[in-house]
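First up is the structure itself, then whatever we jot down about it.
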Amino acid sequence: MNIQHIPQIKHTDSGNFFLLAGPCAIEGEEMALRIAEKLVGITDKLQIPYVFKGSFKKANRSRIDSFSGIGDEKALKILRKVSETFHVPTVTDIHTNEDADMAAQYVDVLQIPAFLVRQTDLVVAAANTGKTVNLKKGQFMSPESMKHAVQKVLDCNNENVMVTDRGTMFGYQDMIVDFRGIPTMQQYASTVLDVTHSLQQPNQTAGVTGGRPDMIETVAKAGIAVGVDGIFIETHFDPANAKSDGANMLHLDYFEGLMNKLVAIRKTVNAF
């Protein structure tokens, strides 16, 4: 995949990794614009190709009373406003075939959640929109098996596909990143490391996913060091009160410092 095919993406000749970042879920217009403004400023300063991320709805909740969204069309319109206001592309995840056509009217990249990446009809629906497709590797899947998910997109005459590693189940309530999988998946498509979801601690008895945000910098640095093409990070200005995945998001105040370090590592890696 050539990231230059993503509309409005900037800094593609900088030699940097590309970045998908934003809140887990769109909670409202003000919060989305506030986070986007900060991230656009940082990525322009550091010349990082950037895609704003936000879920228009959260279908994969542990409990029925968990936050799932503010309304599909309302959230998608906010994503469009982010794009129009800051002139950046956007990505959101979809969960049904019908979501694909609907979301494609508002965003530039359609993301297939990890637990749905084997659903052929969903992957094909996303590919047939002509949008770039981001395939999250299932927590239960080997890196090698992602070859088949990528091929489904290619078979729809859509070459704009990327793969994202979001960790692999390690027991019942923990995740681990196997960095050997990154060069493996790069044989099939551009490969992204989802840093924050890789640090989830799922299946907690309370029905709320835990996480290890203290390890975000460690995992992100390792990903850049092994040559990952892109980085995925969820961030929020108040993770403790975020309505989804607050336990593993990076506080927005720490974002620029981390990006500075990752850009420096990438520059060193590029020198070899």
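Qualifying side-chain contact (heavy atoms from CB on, under 4.5 Å) partners for Glu27, counting only residues two or more places apart in sequence or in other chains: Met31, His236, Ala242, Lys243. Shown here are the side-chain contact (heavy atoms from CB on, under 4.5 Å) partners of Ala21, two or more places apart in sequence or in another chain: Leu19, Leu39, Tyr50, Phe255. The side-chain contact (heavy atoms from CB on, under 4.5 Å) search around Thr218 returns Met215, not counting sequence neighbours.
Atom OH of Tyr254 sits in a sparse spot, with 12 or fewer heavy atoms from other residues, nucleotides or ligands closer than 6.0 Å. The 12-atom threshold is not exceeded at CD of Glu37, counting heavy atoms of other residues, nucleotides or ligands nearer than 6.0 Å. Heavy-atom contacts from other residues, nucleotides or ligands closer than 6.0 Å to NZ of Lys81 number 12 or fewer.
Of the possible polar contacts, one joining the Asp229 side chain to the Thr191 backbone as a donor-acceptor pair under 3.5 Å is found. Within the 3.5 Å criterion, the main-chain N or O of Asp101 finds no donor-acceptor partner in the side chain of Thr129.
The nearest pair of heavy atoms linking Lys137 to Gly167 is NZ-O, 3.9 Å.
Proximity of His11 to Asp44: side-chain heavy atoms (C-beta onward) are separated by under 4.5 Å at one or more points. Two residues are said to be in side-chain contact when any heavy atoms from C-beta on lie closer than 4.5 Å; Phe179 and Val228 fail this criterion.
Hydrophobic cluster membership of Ile9, counting Ile, Leu, Val, Met, Phe, Trp and Tyr whose side-chain heavy atoms lie under 4.5 Å apart directly or via other members: Met1, Ile3, Ile6, Phe18, Leu20, Val51, Val91, Val109, Met162, Val192, Phe232. By the 4.5 Å side-chain criterion applied to Ile, Leu, Val, Met, Phe, Trp and Tyr, Phe170 is assigned to a cluster that also includes Ile176. As a member of the Ile/Leu/Val/Met/Phe/Trp/Tyr network built from side-chain separations under 4.5 Å, Phe272 groups with nothing else and remains a singleton.
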